[in-house]
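Here's the structure we're looking at; comments come further down.
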Number of protein chains: 2
Amino acid sequence: MSDGSSARLAGVLRTWIATAPPGARLPSTRALVAQHRASPGTVQQALRALSTQGLVESRPGVGTFVRAVRTARPPDYGWQTAALGSPRARVRTVPPALRSAANDVVALHAGYPDRELLPERLVRSALARAARGEPALSRAPAAGLPELQSWFAHELGASAPVGTTPPAPGDTVVLPGSQSGLSSVFRALVPGGGPLLLESPTYWGAISAAAQAGVRVVPVPTGPDGPDPEELARAFEETGARVLYAQPNYANPTGAQWSSRVAQQVLDVVRSRGAFLVEDDWAHDFGITTTAAPLAARDDGGHVVYLRSLTKSVSPALRVAAVIARGPARERVLADRGAESMYVSGLLQAAALDVVTQPAWRTHLRGVREQLRARRDLLLASLREHAPDAHVEHVPAGGLNLWARLPDGTDVEQLVHECERSGVLLAPGTEWFPAEPAAPFVRLNYAGPDPGAFPAGARVLGEALERVRR
Amino acid sequence: MSDGSSARLAGVLRTWIATAPPGARLPSTRALVAQHRASPGTVQQALRALSTQGLVESRPGVGTFVRAVRTARPPDYGWQTAALGSPRARVRTVPPALRSAANDVVALHAGYPDRELLPERLVRSALARAARGEPALSRAPAAGLPELQSWFAHELGASAPVGTTPPAPGDTVVLPGSQSGLSSVFRALVPGGGPLLLESPTYWGAISAAAQAGVRVVPVPTGPDGPDPEELARAFEETGARVLYAQPNYANPTGAQWSSRVAQQVLDVVRSRGAFLVEDDWAHDFGITTTAAPLAARDDGGHVVYLRSLTKSVSPALRVAAVIARGPARERVLADRGAESMYVSGLLQAAALDVVTQPAWRTHLRGVREQLRARRDLLLASLREHAPDAHVEHVPAGGLNLWARLPDGTDVEQLVHECERSGVLLAPGTEWFPAEPAAPFVRLNYAGPDPGAFPAGARVLGEALERVRR
């Protein structure tokens with residue numbers, strides 16, 4: 001190889017680059033060798049020279065590309081400020097619970113179960129089957145695959161008491177994840193700017209969806225047995241609200257499960273106000289010492305609009321959920337979904353249905369119950385030992401989280417920051433309050449990776465709490 | 001088998017049923033045989049008796065289930081009328097272009113390409129790979145898989161002229177289909193109740209998304225070369241709009257591709273008004289005699305918000321699309337997507353990326369181009385011969401549709417109905433107009449199943465036209 005020949009080749013390529021669009025791919029080394037009768041070494045030397053001059057960039061294993069011409073001016077999008085005006089809603093882009101974590105941290109912040117809690121074998125074989133079948137290449141109906149609609153309806157109907165008509169398959173609308181359902185249900189049921197009652201604390205995704213749907217959130221305090229029915233009745237009366245959003249089973253973040261009595265009283269209030277209860281049964285598959293008992297199963301008057309997701313229990317890659325609603329409410333939701341996304345990938349629907357109708361699915365769920373119990377108890381014990389000031393007032397009977405109250409006056413943001421510096425991620429409780437937090441809280445997820453690190457994580461939390469309070 | 005023993009068994013089961021929830025599954029025949037030491041025939045006789053009494057229903061191959069107690073009253077959801085009030089937007093649930101068709105009809109109404117135009121082998125093997133890989137069980141980042149973001153940015157950047165900075169991978173937000181992008185972009189860029197300029201005619205899905213996003217649509221007439229830039233400037237001025245939605249390449253329904261001159265003039269108008277052009281490049285992969293030339297590639301000032309979908313060209317089951325936007329506009333869109341659906345299935349993203357980065361993808365697209373050309377020409381010839389009054393004023397250089405003008409005064413709805421009775425489905429042009437239609441039109445899709453039936457379909461249309469005009 002001679003420097004002269006590589007410089008000549010670089011010159012030829014420079015001319016080519018001058019007329020090529022930025023991002024254009026250069027011929028492969030092999031092609032350049034053949035075209036220019038040069039040795040591979042010469043070609044590589046020429047490319048290195050061009051790279052040093054900033055004319056090309058090579059991406060290992062992909063190829064070499066013409067670099068974008070960097071204009072001298074930095075981009076100026078200032079004109080967008082006037083064009084965009086104020087945002088319709090202030091929505092956080094990436095909430096703490098969705099942050100990705102490095103491998104070497106103790107991740108107690110996330111909202112998703114770890115890989116080991118997922119039915120990996122079932123998911124992979126279901127996807128492989130779906131890849132070979134009809135759903136890989138066809139469009140699914142707007143309301144979902146009929147078989148999956150039936151499955152969702154049947155799951156809910158199975159716990160309907162005698163005398164209550166269970167939902168029909170046609171009452172189901174399949175969704176690409178339950179977050180999409182929240183937005184659609186709020187848009188469909190609450191007039192623009194109208195009031196929406198929420199438990200406080202409640203799921204941050206619901207607070208986000210409410211902001212995006214342009215509704216006014218009205219917090220209703222809630223406890224380990226559910227909201228106080230009298231407070232709730234007053235909130236309906238004072239605001240004229242017609243919709244309450246709630247998580248009666250293993251609420252996120254508190255883990256509370258409404259008592260049967262409160263559930264009945266809330267239903268009575270909702271009915272007497274001619275209102276809707278949007279029941280988000282997000283943790284249906286995550287009971288530990290009890291089983292989720294959907295309120296929707298007790299209602300055949302169209303008052304409960306029910307959301308159930310498979311994303312967390314089957315796989316975060318199989319984003320499939322459903323809303324079950326009756327009467328005109330269901331039509332409104334379906335119309336909104338049509339305008340929003342038309343239909344849900346039939347491939348994901350078929351694979352999800354395949355997973356949940358395998359006999360091994362029930363076995364898997366029983367295993368998850370035991371794993372969650374062990375993880376919950378380990379995290380509880382770790383906190384008691386190493387961070388006694390992070391007080392879990394209510395041991396959840398299901399779900400994925402502990403909701404720990406901190407001593408009054410604790411600066412939660414600073415605490416979270418301190419823990420993060422020591423390699424422990426927590427979610428500040430602030431995210432779960434539609435209004436001002438009632439007290440300082442953190443949410444600790446016991447379904448994340450590496451439960452063996454729970455004691456170490458609790459120790460970091462305990463020490464950080466001491467430092468922050470000093 | 002004795003009648004006595006089957007009656008006894010039926011009695012036992014009746015007691016069980018009385019306390020079981022409707023829809024509960026009875027033990028299998030085999031299990032009943034074992035539990036009650038009865039013969040299979042006895043068990044089946046008992047089940048038949050219960051079925052005759054309306055207590056259970058058996059679904060062949062699935063099992064026997066406790067029947068829902070039919071309450072005497074029909075469901076009354078009348079209270080919902082007051083609770084729901086008027087809908088925020090009047091959105092059609094299932095537009096004609098999404099209707100499913102039986103196998104024995106000539107389906108010229110649909111908006112999706114037929115199976116034979118899809119890269120079936122690539123899709124199936126990509127899905128099989130994805131099913132075995134990491135994406136089957138993990139959560140994708142909110143803005144999409146980085147490799148797929150890069151691919152979308154690179155595809156657009158590849159046609160950027162020298163001196164224009166191509167988009168960066170981080171300017172991309174991956175979407176679960178481009179319909180979701182329309183809703184989000186309109187919500188993100190147009191204030192509630194604010195004006196949105198649309199070409200007329202334009203894609204019905206955009207009209208739907210605009211209604212759902214609560215924006216006011218302002219139609220701007222458009223022709224085979226694009227909208228008249230002066231009309232457009234006037235519309236911006238008169239309404240104070242800051243956003244124009246358009247399909248500059250192979251518009252749906254007309255197939256129009258803007259001339260380079262009009263494209264430049266529209267960009268100039270948009271820039272001078274400090275406005276956004278939402279460019280929906282829906283048919284990027286469906287050029288026939290030309291190639292799609294995105295306007296977004298010419299803009300690095302953040303004025304063009306670009307939408308590109310893979311759903312139609314890869315597979316309707318791989319709902320993956322992207323929006324590319326720069327500056328604060330991109331942040332607004334991402335925030336809306338977060339509140340709406342958090343993230344897109346990484347499995348679908350990985351599989352879509354796999355398909356479009358295979359060498360065979362380019363070969364496939366070349367084949368599609370030839371097939372579309374043949375299909376388009378066959379449908380054109382069929383219309384000329386059998387339905388000369390359905391006049392295609394502009395032969396599209398790409399896309400999936402012919403836009404046929406009918407004689408003035410034709411009752412389009414009646415025509416569509418007449419054709420349907422003869423087994424030919426068409427889409428009435430009315431759907432594509434944001435306001436009153438300029439004239440009677442039908443949209444005829446040449447990408448549907450069985451192009452061999454195009455002559456027969458055209459004959460039915462010709463005859464129906466004669467009957468309707470009589």
Side-chain angles (χ1 to χ4, degrees), chain A residues 21-23 68-69 71 77 79-80 83-85 88 91 93-94 112 115 118 120 123-124 127-128 131 135-137 139 142 154 157-160 162-163 165-166 176-177 179-180 183 191-192 208-209 212 242 274 302 315-317 319 327-329 334-335 338-342 345-348, chain B residues 21-24 68-69 71 77 79-80 82-85 88 91 93-94 112 115 118 120 123-124 127-128 131 135-137 139 142 154 157-158 160 163 165-166 176-177 179-180 183 191-192 208-209 212 242 274 302 315-317 319 327-329 334-335 338-342 345-348:
Chain A
V69 178
T71 44
Y77 308 125
W79 66 269
Q80 288 190 356
L84 289 170
R88 289 189 182 195
V91 180
T93 306
V94 181
Y112 289 79
R115 170 78 60 90
L118 300 176
E120 175 163 348
V123 168
R124 293 201 191 277
L127 281 169
L137 289 147
R139 182 165 54 79
H154 190 265
S159 55
V162 177
T165 311
Q179 186 67 25
S180 302
S183 306
S208 255
Q212 189 215 34
R242 294 284 199 143
S315 162
R319 300 221 66 190
L334 182 59
E340 176 62 41
S341 80
M342 289 194 193
S345 163
L347 179 101
L348 298 184
Chain B
V69 177
T71 44
Y77 307 126
W79 67 269
Q80 289 190 354
L84 289 170
R88 288 189 183 193
V91 180
T93 306
V94 181
Y112 288 79
R115 170 78 60 93
L118 301 176
E120 175 163 349
V123 168
R124 293 200 190 279
L127 282 169
L137 289 148
R139 181 165 54 79
H154 190 266
T165 311
Q179 186 68 25
S180 302
S183 306
S208 256
Q212 189 216 32
R242 294 283 200 143
S315 162
R319 300 221 66 191
L334 182 60
E340 176 63 40
S341 81
M342 288 195 195
S345 162
L347 179 101
L348 298 185

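Letters go in sequence order (proteins before strands), and every chain restarts at 1.
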Is it the backbone or the side chain of P328(B) that comes under 4.5 Å from a heavy atom of chain A, or both, or neither? both

Would a distance-only check, ignoring hydrogens and angles, find a side-chain to backbone donor-acceptor pair under 3.5 Å from R242(A) to G85(B)? no

Residues A317(B) and P135(A): closest non-hydrogen pair is CB-O, 3.0 Å

Check whether L84(B) gets within reach of chain A through its side chain, its backbone, both or neither, counting any heavy atom under 4.5 Å. both

Between S341(B) and S180(A), what is the shortest heavy-atom contact and its length? CB-OG, 3.3 Å

To check you understand the geometry: which heavy-atom pair defines the closest contact between S315(B) and A136(A), and what is its length? OG-O, 2.7 Å

Among H154(B), R115(B), Q80(B), who wins on heavy-atom pairs under 4.5 Å with chain A? Q80(B)

Ranking P316(A), S159(A), G177(A), G157(A) by heavy-atom pairs under 4.5 Å to chain B gives rank one to P316(A)

Does S345(A) reach the main-chain N or O of R319(B) with its side chain, forming a donor-acceptor pair under 3.5 Å? no

When every non-hydrogen atom of E340(A) is compared with those of S183(B), the smallest separation belongs to OE1-CB, 3.3 Å

Tell me, side chain or backbone of L118(A) under 4.5 Å from chain B's heavy atoms, or both, or neither? side chain

What are the two closest non-hydrogen atoms of S208(A) and A339(B), and how far apart are they? O-CB, 3.9 Å

Top contributor to chain B contacts, counting heavy-atom pairs under 4.5 Å, from A209(A), P191(A), G346(A), A128(A): P191(A)

Region of A158(A) that comes under 4.5 Å of a non-hydrogen atom in chain B: backbone

Any side-chain heavy atom of R124(B) sitting closer than 4.5 Å to one from L137(A)? yes

